[in-house]
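Reading through the structure tokens given below for one structure.
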Amino acid sequence: MAELRHSSSSLGSRASSSPMKRDEDASPLIHDPQDDDDDRHSFRDRDRSFWSQFSPPFPFFKDDPRVSQHASRISLLVLLLVAIAGLISIFSILHRLNSPYLCKKDGIVLHCPRVKENPSLWENPFSATTSWKPCAERRDGGISDLPPENETSGYIFIHAEGGLNQQRIAICNAVAVAKIMNATLILPVLKQDQIWKDQTKFEDIFDVDHFINYLKDDVRIVRDIPEWFTDKSELFTSIRRTVKNIPKYAPAQFYIDNVLPRIKEKKIMALKPFVDRLGYDNVPPEINRLRCRVNYHALKFLPEIEEMADSLVSRMRNRTGSPNPYMALHLRFEKGMVGLSFCDFVGTREEKAKMAEYRKKEWPRRYKNGSHLWQLALQKRKEGRCPLEPGEVAVILRAMGYPKETQIYVASGQVYGGQNRMAPLRNMFPNLVTKEELAGKEELAVFRKHVTSLAALDFLVCLKSDVFVMTHGGNFAKLIIGARRYMGHRQKSIKPDKGLMSKSFGDPYMGWANFVEDVVVTHQTRTGLPEETFPNYDLWENPLTPCMCKA
């Protein structure tokens with residue numbers, strides 16, 4: 001891995017403020033280029049100085065008949081103590097050699113102290129202190145308040161755009177909007193995206209019958225546009241049939257005031273675009289609860305996807321020949337994410353030049369002439385808005401106490417920098433696999449027809465892991481953490497504090513012990529427990545209210 005270069009911000013309050021005191025701890029996070037040679041000479045010098053203590057005046061190295069019996073006894077006692085100390089040193093060295101836990105910072109591979117594994121690594125230590133439970137599921141025997149089909153306001157139709165998880169959110173919002181306006185929802189179309197280049201249909205990924213049946217008491221849903229409507233091909237191209245002026249995170253009242261009249265007039269309306277077109281704290285609680293019902297209960301993957309995911313989970317748990325826990329790591333370090341972040345990442349001049357050209361081409365307005373980007377990169381790094389590199393993730397996990405033997409499932413696109421960028425993570429955690437390494441080509445062939453099917457496998461394996469770790473934001477991580485919170489929050493979901501990590505990585509005086517303390521203390525409460533909501537909170541990441549209630 002190339003060096004991890006960050007801003008040299010000072011350490012937080014837990015770190016020592018004295019450089020001299022910090023230097024007393026042998027720091028595996030700093031390194032002198034001459035250390036390797038100095039170490040080899042220092043061992044020899046230490047050995048020489050150590051044994052030189054036993055030259056005269058210690059008499060048992062002299063063949064002198066005048067040595068007194070008392071002096072001989074003292075010498076033998078000293079020799080015995082030295083032998084014991086030597087044995088202890090040998091055992092200590094052997095232990096370190098047998099526990100080669102490597103850390104890396106500033107491009108240097110170093111030996112980190114072994115951190116003892118404990119049960120809290122695989123359990124949410126605070127889950128027992130909460131009494132929240134999911135309560136957005138459909139009530140058995142509930143009474144439907146839906147009017148007859150011919151009495152609804154009309155039909156709405158949406159294109160769910162983006163990747164699988166963005167599409168999932170759009171579907172949940174579409175059901176909620178249909179409920180707000182008392183409209184009939186036509187089964188959403190999963191739109192082919194320019195980036196994902198996928199032509200998956202709703203029925204290729206989700207169980208349509210379960211979806212419609214589970215929500216039958218909430219919203220009327222039909223599979224297709226009614227036969228009496230003859231302009232199907234023009235539905236999304238006709239200005240008269242499309243509502244385009246919906247603001248992001250619109251309140252429920254906006255739909256009632258601005259969209260509902262047009263639906264009543266035209267009977268069928270397409271809503272476009274439909275990404276994040278419904279707010280969270282400006283809609284009735286029952287609408288948010290309905291969105292949770294769609295997300296956690298109505299949207300169910302096809303049986304073949306569920307079965308393959310269960311098989312991958314089983315293989316992860318039995319890779320060592322006996323049952324073991326596993327970690328799922330959502331590693332967001334693809335070229336597109338690195339470019340869009342406008343953060344600075346270490347690399348060769350050629351790599352940086354290519355990335356600059358890529359950013360200039362893809363985001364010309366943000367790139368401008370590039371002169372302001374360095375300061376922007378430093379600011380974003382300081383604020384914790386940059387994706388974590390694989391090597392940074394490795395050091396953080398080691399500081400948390402996860403041993404080298406940890407089984408890790410990686411959900412990721414093609415990592416920017418390839419194997420070279422992944423090397424530090426793989427070196428520190430060699431039991432790291434992807435779905436392509438767990439399953440054969442023939443097994444995955446049927447799922448390769450649809451990109452969203454492969455994404456669904458990653459989603460389920462991460463959802464069912466003992467520990468889930470995200471490295472950057474995004475709908476995938478938000479939905480995973482939210483679902484794990486909703487389903488019981490017994491399993492850990494770790495969201496690294498990237499702002500604190502940027503300060504720690506950039507502090508040249510921090511010792512490994514202080515770094516470990518910073519990581520452990522900071523993340524004690526970042527384990528995926530339900531959190532009290534606040535204005536403009538994200539329902540998908542934290543569904544506490546109104547989707548959960550006290551047990």
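Here the structure is a predicted model, which means the values were calculated and not measured.
Between the side chain of Arg485 and the main chain of Ala483, no donor-acceptor pair closer than 3.5 Å is present. No donor-acceptor pair closer than 3.5 Å links the side chain of Lys272 to the backbone N or O of Thr242. Put simply, the side chain of Glu383 never gets that close to the backbone of Lys380: no donor and acceptor are under 3.5 Å apart. The backbone N or O of Asp497 lies less than 3.5 Å from a partner atom in the side chain of His523, making a donor-acceptor pair. Judged by distance alone, the side chain of Arg262 and the main-chain N or O of Ile268 form no donor-acceptor pair under 3.5 Å. Proximity of a side-chain donor or acceptor of Arg223 to a complementary backbone N or O of Val208 within less than 3.5 Å is not detected. Under a 3.5 Å cut-off, the side chain of Arg293 and the backbone N or O of Ala136 do form a donor-acceptor pair. At least one donor-acceptor pair under 3.5 Å links the side chain of Asp204 to the backbone N or O of Lys201. Under the 3.5 Å distance criterion, the side-chain polar atoms of Arg332 are matched with a main-chain donor or acceptor of Gly473. Without hydrogens or angle criteria, Ser153 side chain to Met181 main chain gives a donor-acceptor distance under 3.5 Å.
Of the N and O atoms on the side chains of Arg526 and Thr522, not one donor lies less than 3.5 Å from an acceptor on the other residue. Arg448 and Ser453 share no donor-acceptor pair across their side chains, judged by distance under 3.5 Å alone. Asn431 and Tyr326 are not linked by any side-chain donor-acceptor pair at a separation below 3.5 angstrom, with hydrogens and angles left out of the test.
Rounding to the nearest 0.5 Å gives a distance of 11.5 Å between CG of Asn475 and CD1 of Ile480. Annotation: the span from Ile186 atom CD1 to Arg220 atom CZ amounts to 13.5 Å, rounded to 0.5 Å. Atom-to-atom distance recorded for Cys292:SG and Ile287:CD1 is 12.0 Å, nearest 0.5 angstrom. Residue Asp276 holds its CG atom at 4.0 Å from OH of Tyr249, rounded to the nearest 0.5 Å. If you take CZ on Phe157 and CG on Leu185, they are separated by 9.5 Å, rounding to the nearest 0.5 Å. Note that the CZ atom of Arg385 and the CZ atom of Phe342 stand 12.5 Å from one another [nearest 0.5 Å].
Counting non-hydrogen atoms of neighbouring residues, nucleotides and ligands closer than 6.0 angstrom, the CD atom of Glu437 exceeds 12 such neighbours. Within 6.0 Å of NZ in Lys498 there are more than 12 heavy atoms belonging to other residues, nucleotides or ligands.
Between Cys343 and Cys386, the SG-SG separation falls below 2.5 Å.
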Determine, stepwise, if the pair His330 / Phe476 fulfils side chain to side chain contact (heavy atoms under 4.5 Å, CB included).
-> CA-CA 8 Å; His330 184 222; Phe476 183 99; 3.6 Å; yes
Take Arg241 and Phe229 through the test side chain to side chain contact (heavy atoms under 4.5 Å, CB included) and record every step on the way to the result.
-> CA-CA 12 Å; Arg241 295 284 182 181; Phe229 185 75; 3.5 Å; yes
Yes or no on side chain to side chain contact (heavy atoms under 4.5 Å, CB included) for Met269 and Ile158, after CA distance, side-chain angles and deciding distance?
-> CA-CA 9 Å; Met269 293 295 293; Ile158 67 126; over 6 Å; no
Could you please spell out the steps behind the side chain to side chain contact (heavy atoms under 4.5 Å, CB included) verdict for Lys216 and Ile212?
-> CA-CA 6 Å; Lys216 65 181 181 181; Ile212 294 176; 5.8 Å; no
Determine, stepwise, if the pair Arg317 / Asn324 fulfils side-chain hydrogen bond (donor to acceptor under 3.5 Å, both in side chains).
-> CA-CA 5 Å; Arg317 296 200 188 283; Asn324 56 259; over 6 Å; no
Full working for side-chain hydrogen bond (donor to acceptor under 3.5 Å, both in side chains) between Tyr402 and Trp122 | CA-CA 9 Å; Tyr402 290 98; Trp122 301 104; over 6 Å; no
Please step through salt bridge (Lys or Arg N to Asp or Glu O under 4.0 Å) for the pair Lys492 and Asp466, ending with a clear verdict.
-> CA-CA 7 Å; Lys492 293 177 72 172; Asp466 297 275; over 6 Å; no
Apply the test side-chain hydrogen bond (donor to acceptor under 3.5 Å, both in side chains) to residues Ser493 and Arg484: give CA-CA distance (whole Å), side-chain angles for both, the deciding distance (0.1 Å), then the verdict.
-> CA-CA 8 Å; Ser493 299; Arg484 289 164 71 92; 2.8 Å; yes
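Between Ile305 and the choices Asp310, Leu460, Asp207, Leu454, the side-chain contact (heavy atoms from CB on, under 4.5 Å) rule is met once, by Leu460. Checking each of Phe301, Tyr214, Phe211 against Phe206 for a ring-ring contact (aromatic ring centres under 6.0 Å, His included) leaves exactly one that passes, namely Phe301.
For the pair Ala250 and Asn282, the tightest heavy-atom approach, listed with the atom from each and the gap, is O-OD1, 3.9 Å. Of all heavy-atom pairs between Leu260 and Ile256, the closest is CB-O, 3.6 Å. Smallest separation of non-hydrogen atoms from Leu312 and Tyr409: CD1-OH, 4.5 Å. Contact between Lys550 and Lys133 at its shortest, heavy atoms only, is O-CE, 4.0 Å. The two residues Pro285 and Pro546 come nearest to each other via the heavy atoms O-CG, 3.2 Å.
Stacking of Lys335 on the aromatic ring of Tyr358 is recorded, both the 6.0 Å distance cut-off and the 45° axial limit being met. With a 6.0 Å cutoff to the six-membered ring centre and a 45° limit on the axis angle, Arg168 counts as a cation-pi contact of Phe459. A cation-pi arrangement is present between Arg398 and Phe429, with the terminal nitrogen or guanidinium carbon under 6.0 Å from the aromatic centre and inside a 45° cone about the axis.
A salt bridge does not link Glu286 to Lys179: none of the charged side-chain nitrogens sits closer than 4.0 Å to a carboxylate oxygen. Electrostatic pairing of Arg381 and Glu392 counts as a salt bridge here, judged by a charged N lying under 4.0 Å from a carboxylate O. At a threshold of 4.0 Å, the pair Asp538-Lys478 counts as salt-bridged, since one of the basic side-chain nitrogens sits closer than that to a carboxylate oxygen. Between Arg421 and Glu389 there is a salt bridge, with a side-chain nitrogen of the basic residue lying less than 4.0 Å from a carboxylate oxygen of the acidic one. At a threshold of 4.0 Å, the pair Glu304-Lys449 does not count as salt-bridged, since none of the basic side-chain nitrogens sits closer than that to a carboxylate oxygen. Taking 4.0 Å as the cut-off between side-chain N and carboxylate O, Asp209 and Lys300 do not count as a salt-bridged pair.
You'll find the side chain of Ile408 stays beyond 4.5 Å of the side chain of Arg426, heavy atoms only. You'll find the side chain of Thr200 stays beyond 4.5 Å of the side chain of Gln167, heavy atoms only. Annotation: side chain of Asp458 is not in contact with side chain of Val461 (no heavy-atom distance under 4.5 Å).
Here His159 and Phe274 keep their ring centres 6.0 angstrom or further from each other. Residues Phe345 and Tyr416 keep their aromatic ring centres 6.0 Å or farther apart. Checked against a 6.0 Å centroid threshold, the rings of Tyr486 and His297 count as neighbours.
Listed by chain and residue number, nothing satisfies the side-chain contact (heavy atoms from CB on, under 4.5 Å) test with Lys441 (two or more places apart in sequence, or in another chain).
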